[in-house]
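First the structure, in the form of structure tokens, and then the observations on it.
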Amino acid sequence: MTKLLLFFGTHKRFQNDFARRYGAVFLFAVFTSLSAFSQQIEIKGKVLEEGTKNSIIGAVIKLKGQKTGTTSDASGNFAIKVKTLPVTFAISAVGFKVQEIDVYEPEPTTIYLSEDQNRLSAVVVVGYGTQKRSELTGSISSIPVSGIKDNAQQNFVNSLQGLASGIQVTQTSGAPGGSSSVRIRGGNSITGGNEPLYVIDGFPVYSTNLSDINPNDIETIDVLKDASATAIYGSRGANGVIVITTKKGSRGKGTVSYDGSVGFQQVSHKIGLLNAKQWGIYKNDALINNGKSPLFSAAQLDSLGKNSTDWQAAALRNAPVRNHQITVSGGSDKTRYSASIGAFLQDGILIGSSFDRYSGRINLDSKVSEKFNFGFNVNGSYSINNNTSSITSLLYIPPTVPVYDNTGKYTFLSPYESAIANPIASADLSTNATNTLRVFSSSFGEYEIIKGLKAKVLLGIDLSDYKQNRYTPSTLYEGSSVSGSASINAGFKRNILNENTLTYTKNINKNNFEILAGFTQQESVTETVGASAKTFTNDIVEYNDLSSGSTLVKPSSNYEKWALKSYLGRVNYNYDQRYFFTASLRADGSSRLGENNRWGYFPSGSVAWQATNESFLKDFSRSIKLNNLKVRLSAGKTGNQEITPYQSEALLTGYSYPTGSGTTTLTGFAPSQIPNPNLKWETTAQYDGGVDIGFFNDRIKLTFDAYYKKTSDLLLAVAVPVTSGYASSVQNIGSVENKGLEFSLNTENIKTKSFSWSSDFNISFNRNKVLSLNDGVTQLLVASEVQTGNVIVVGQPLGSFWGYKTDGIYRDASEIPATPLLANTKVGDVKYVDLGGNADGTPDGKITQAGDQTVIGNAQPKFIFGFTNNFSYKNFDLSVFFQGTYGNKIYSYIIQQLMVPTGYQNVIAGFADHYTSTNTTAQYQRPNELITTNAVSDLYVFDGSFLRLKSLTLGYNLPRKLTKSLKIEKARIYASGSNLLTLTTYPGFDPEVNSYSTNSSRQGVDTGSYPTAKSYNLGLSITF
Amino acid sequence: MKKIIYSLLITTLVTAGFTSCVDLQEDARSNISTGNFYSNQAEAVSAVQSVYNDLSHNTSGDHASIYNRQLVLCVGMMTDDNIPGPRATNPDVRSIAALTQTATNTRVYELWRQHYEAINRANAAIDRIPLITKGDTAVLHQLVLEAKFLRGLYYYNLVRLWGDVPLLIHETTSLDGLKVSRTPKNEVYAQIIKDFTDATNLPKRYTGVDAFRATSGAAHAFLLSVAVTRRDYTEAINQYTLIQNGGYGYKLFDKYADNFNTAKENTEEHIFEAFTIADGTSGSQGNTNILSGFSAPVSKFEVGQGTGTEADAPIVTLRPLFKSNDARTKVTFNDSILISGTTKKKYDPHFYKYWDSSAATNLANNGVNLPIIRYAEVVLFYAEAQNELNGPGDPSVSTSAYAAINRIRNRAGLSNLTAGLTKDQFRDAVFFERKLEFVYEQIRWFDLIRTNGSGSAILVPTLKALTDPSKGGNATNTWTVAKATNVSEKFLLLPIPASEILANPNLTQNPNW
């Protein structure tokens, strides 16, 4: 009962109590008569933010039932004239809950607005426009931006994880500047892209690298999930759409604010490996098992114990991260502006890696006349990303190898059979730096032709320019055989967008219409060049003068272009805020598809019913404190064209062959793909049903969605008979389905004047299945993917792993079949399970590729979830965010490599317990020089489930008194940590891993990605 | 109202203005398309060059190409010559060497794929060059004949390795009709003989930059090879005579080592080679010979000889077959390595044929050509055919089978073959001589699987003998045991790649795969 009270006991909006206390209780009796003789009564007031007591600028104060209204100024003050008292004011501001107060006398009044975390009344950015959340018919999640700001992440995509249902974010690499892969409601496509479309200030960008966008500049992030929401981006909506709006200025006194944080990161988990002594014993056993004499004597083994190199410790460091940003914003009645400059400087936890970004942004919009307004937005960034690539070698190199040799120089090479270069030297001495300049701009003009009819022309341009410099000096093993090697790669990309839309809004009685029609076009051109040289006299000029290398490598250059044209239309209609309908149609033409099928048509329709606005339900809902009940249904088709350009064309490629001169070649040309003029759009049909429920004035809010998606005409690189001269051809073949449930619950558990506690919980279940591939094909094994266990099997989800099942190790010779998998199999080797092989599928007593491989796991999680709790007490706020996945498997290629039993390189710590004639109960196989690679098996499939304390933030808002005396508007200090705690059984660096993020047939593979860091930050934000 | 009209007009104009700037036509300006190619002589030359490319380059990203290691991996490893070295980590290669591979083996797929890729390129050249009107008709005709020669060569490999194979003689230009069936072996051979016969109209020899091109002599040499393989020994003698009397000037190098000397490329003994150059390019589209690097030990054991990978190694029984006075021994193997300027260390023998002394410090940069057919093989084919038709003959008669084999032995510094052998014994002696002469030259497997004058192939008995000490075998070595245990008649034909049967159900599998 106590719990219930805690939960429900304070549901009354305290602001109302507060207002009534002042308005009604104290003053009612005294001033009632005043209204009688005042024709123009001025009422002054102040609008403040609840909790922080900061003034709210630009709040709209309206007299209920009348057209009169005003807005608050920079200090939150307003004044409004009324004819009679009492009146009811409705006060609203973006991001805050609408507040109604009854005013009985003309006394100054203070109105406190509370932040609208549910944002039901807030507007949501939908394709080509905005909509009130209450009027939505589609499934759209808004991400609480506050949650991503305090974590000093260079890429906001990394922070989206767990914050909304239906979105799975997996960090591809923990490296500074690293990106993440995002799947909205599962992966649809096999060959085509699966990343969502990002729309930044109206500009559609299909890219996985969004580290050029400063997260601090982001105002809102809305995720469009179902067909109704995404179909307006028809062509590219199949993977969902993430709409990002950057910060705009607001009317009122200009403000200058500073946001900054400093922190450091450290590795969250190291991989357990053998130490020098353990490795020495293991190495000896490997030699003995191969009929050789041991390498280390007992005395040497003892001294190894004292000189073990922990290569991970040598390569990892506590790395600082700093973030500074200054924002100036403000505006008049007509013009608003916001400008910022920022610097984000991050060192990686592995030596030699870093990411620095300098960015600037200007956002301006102005109402030029009553009818015409324009907006201009430009975003520029310059980043320098230093990469290190020696992650796997620092795991492989044996612990008996010292970092430095006797002379104090770097050890050149592992002296054992595997040629492993010194990873510390590689990280220290080689260069691999990419400098990227990106300018991103969109501007629009909007003209109101007649009342309600607006024409808008938007022009956007996204320019990026990069240069990658690499140099491997001759002093490193990697560069020694070629006396140093240098290369540069540069690219220039321009992406131009034009959108022309007409919007007509009309309200006739209770009928509300909004009609949108438009034409858009986008074109992207990418040009790249690359050049490299080897054999340098010394290591001085590095990549800065390729011509000084005496071996010049063939240069390369490339041009790639694609274009997209679209016609779109949408009608939103609602009757009396009770019945909502949306219908949209988009026609897209893409250059990437076959000339016979370039155009695709993508319709959608949706309906919603706002039950709580029905008069017949009002009493009932009031009685059960239900304030919102909306039922949504949608269906529609969306498309996908994300294949590289020119796949349908009859192209030739150059294949050179040496001439008889002994030095030169002559370039040959031959057809390199089968033309496919019928290549068409990959299409996803999606059905969604959802319910939004709010109780106690949205103190408890539930959203539930169920969906079914079927993607057909997959853009699949289908294996064709190679007798044709070609291995594969991109065709429209096969289908994949995703179905799932999404659930989110937001509650304001406690809401008192000084203490509040709110929770957001979301959980998503997605089930993926490959329905069909090309005729008669039930599984696809791509040769290059076999080594990481990847397979596509009809009837199984994408991301399945294929290999042998194992059952420990052979402990008795009688267990070894007549034909084992590997010749020379002995007791102590891995025991592979005989699953079949005979024509009728029964075991044949042999372990063979054909008979005994099977599905050994899958990378798709059973569910993913996020759980955020926000607390505030007086000026303190605390946010705790947990997030996780359950039921997904990881194929750990890195662990597979760290279990190769040759003794040529290091292995996982478990190998201390390896099989020998005296340790017959060992868990791990005997050292065996003959097994230079491990067969793909379930030994390397691990549970990828995890629960992570993704972020923890404690903030303090300086009290008004103090800030006032310091002449500052507001100030907040905070301490935050991310990835502080991860509960998992996965032995690799991190269970959140996806080494081949762009390849949906290779999900859940860990090839030894850059380790994930946990980080600690201290931050400050001040507004003057 | 005026305002509305103006506004709409402006919107329309702006829209129309932008409409014209985006074009949905593909703009693949980094690529040539079939529409703007095959129009002049230079392009014809280029089209044929791409057919040669497949001899030693690979487009799939896999480093190995047909003569630049793919044959080593797919069939060489099955022979009684080769095994995977300690750093041949690919399980597909190791299973081939142990004869435990299956139809899903990636090497088998790659070898099959690369041949058909080359054939499609040849077909494109053969179909399209005759339509070219700009250029010297004679040159254009010659280019078509070169493409036919190469198509013949590629089909000759296919038919020997897989038996009945789909015979495609036109370029693939659409996705229709790709599910072809296997063509009977004899029909494939008919096409091979037709292509090689057409190619006998090619020039006799090229010099300079054109030295890599196929010649009429090479066409005759392959017609000889085809004849011996098909046991048409009369035709073999006929082709041998054409080569001898055709004014080609082929002869054995005085020194066996000159066969692998970059300075002697395309001279005397060389009839047809896959060309490589030491231009520092590596990888699948590189121009270097990669066999040297893959067969040599890693650099840290060997000063001044660059980096090897020790992935292709001789089987334990191979090296002892060579007599110490055989001049081929030191060219074929290196038994020791330099560990400092002058100190030598004994080491397991490794293949040394393709070591490029002109690029000694960098094994990855090797320009030694890969012989495909050399005159020594023509001579030994003659010995074999002559023996089958007329017996070993009298060693003192220059046209006898004995005289022919002795030319090869004497060049290697060996004495004449023991006189008085029977026909069967002599046949075995020829096969043994071929084994020693052509180690690591992708000839041994074809000798093991072809039906010879005895009426059967020597594959099964030869591999079984690997564990028989009385025949020089080793009964305890892992690889000799694996090969001897697992060999059977089914290996006479490779499996049709499993993925190929999946993609094309009209293809039937070879027996027992």
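Since the structure is predicted, the reported quantities are computational estimates derived from the model, not experimental observations. Only this structure's heavy atoms are used, side chains among them; waters, hydrogens and symmetry mates stay out. Chain naming here is simple, since letters A, B, ... match the order of the sequence lines and numbering starts at 1 in each.
Checked against side chain to side chain donor-acceptor pair (under 3.5 Å), B:Thr485 has no partners two or more places apart in sequence or in another chain. For A:Glu560, there are no side chain to side chain donor-acceptor pair (under 3.5 Å) partners two or more places apart in sequence or in a different chain.
Taking CG from B:Leu24 and OG from A:Ser590, the interatomic distance works out to 7.5 Å, rounded to the nearest 0.5 Å. Summarising the geometry, atom OH belonging to A:Tyr655 is positioned 5.0 Å from atom OG1 belonging to B:Thr59; distances are rounded to the nearest 0.5 Å. For the atom pair CD1 (B:Ile277) and OG1 (A:Thr663), the distance works out to 6.5 Å, reported to the nearest 0.5 Å. Between B:Leu175 atom CG and A:Ser729 atom OG the span is 4.5 Å, to the nearest 0.5 Å. The distance from the NZ atom of A:Lys554 to the CG atom of B:Asp279 is 8.5 Å, given to the nearest 0.5 Å. The distance from the OG atom of A:Ser672 to the CD1 atom of B:Ile32 is 10.5 Å, given to the nearest 0.5 Å.
Your options are A:Glu929, A:Gln731, A:Glu595, and the one with the most heavy-atom pairs under 4.5 Å with chain B is A:Gln731. Among A:Arg598, A:Lys534, A:Glu527, A:Arg592, the residue making the largest number of heavy-atom pairs under 4.5 Å with chain B is A:Arg598. In terms of non-hydrogen atom pairs under 4.5 Å with chain B, the most contact-rich of A:Val525, A:Thr665, A:Val553, A:Thr551 is A:Thr665.
Within the 4.5 angstrom heavy-atom criterion, atoms from both the backbone and the side chain of B:Tyr52 approach chain A. The part of B:Val180 that comes within reach of chain A is its side chain, from C-beta onward, which places non-hydrogen atoms under 4.5 angstrom from that chain. Looking at B:Pro166, the atoms closer than 4.5 Å to chain A (heavy atoms on both sides) all sit in the side chain, from C-beta outward. In this structure, chain B has a heavy atom under 4.5 Å from the backbone of A:Gln647, while its side chain stays farther away. Of the two parts of B:Thr173, only the backbone, made up of N, CA, C and O, holds a non-hydrogen atom closer than 4.5 Å to a non-hydrogen atom of chain A. For B:Glu500, the part lying near chain A is the side chain, with the backbone staying farther off; criterion is any non-hydrogen pair under 4.5 Å. Only the backbone of B:Glu273 comes within less than 4.5 Å of a heavy atom of chain A; no side-chain atom from C-beta onward does. Interface residue B:Ser174: only backbone heavy atoms are found under 4.5 Å from chain A. Only the side chain of B:Val45 comes within contact range of chain A, with heavy atoms under 4.5 Å apart. Contact annotation for B:Leu158: neither backbone nor side-chain heavy atoms come within less than 4.5 Å of a heavy atom of chain A. For B:Tyr38, the part lying near chain A is the side chain, with the backbone staying farther off; criterion is any non-hydrogen pair under 4.5 Å. Only the backbone of A:Gln522 comes within less than 4.5 Å of a heavy atom in chain B; its side chain stays farther off. If you measure heavy-atom distances from B:Ala274 to chain A, the contacts under 4.5 Å come from both the backbone and the side chain. Proximity to chain B involves both the backbone and the side chain of A:Phe669, based on heavy atoms less than 4.5 angstrom apart.
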Might you work through the side-chain contact (heavy atoms from CB on, under 4.5 Å) test for B:Leu168 and A:Thr723, ending with a clear yes or no? CA-CA 8 Å; B:Leu168 295 142; A:Thr723 45; 3.6 Å; yes
Between A:Asn558 and B:Ser30, does the side chain to side chain donor-acceptor pair (under 3.5 Å) criterion hold? Intermediate values first, please. CA-CA 6 Å; A:Asn558 189 52; B:Ser30 306; 3.1 Å; yes
Between B:Glu26 and A:Trp562, does a side-chain contact (heavy atoms from CB on, under 4.5 Å) hold up when you go through it step by step? CA-CA 7 Å; B:Glu26 290 267 51; A:Trp562 56 262; 5.7 Å; no
Side chain to side chain donor-acceptor pair (under 3.5 Å) between B:Asp27 and A:Tyr559, worked out: CA-CA 9 Å; B:Asp27 178 7; A:Tyr559 174 94; 3.1 Å; yes
Could you walk me through whether B:Asn120 and A:Tyr726 satisfy the side chain to side chain donor-acceptor pair (under 3.5 Å) test, starting with their C-alpha distance in whole Å, then the side-chain angles of each, then the deciding distance to 0.1 Å, before giving a yes or no? CA-CA 8 Å; B:Asn120 188 53; A:Tyr726 305 94; 3.2 Å; yes
For side-chain contact (heavy atoms from CB on, under 4.5 Å), just list the numbers for A:Thr667 and B:Gln49, CA-CA rounded to whole Å, side-chain angles, deciding distance to a tenth of an Å, and then say yes or no. CA-CA 7 Å; A:Thr667 304; B:Gln49 200 72 6; over 6 Å; no
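Counting only heavy atoms from C-beta outward, the side chains of B:Thr34 and A:Leu651 never approach each other to under 4.5 Å. Side-chain contact between B:Asp210 and A:Thr659 is absent, with no heavy-atom pair separated by less than 4.5 Å. Counting only heavy atoms from C-beta outward, the side chains of A:Ser656 and B:Asn287 approach each other to under 4.5 Å.
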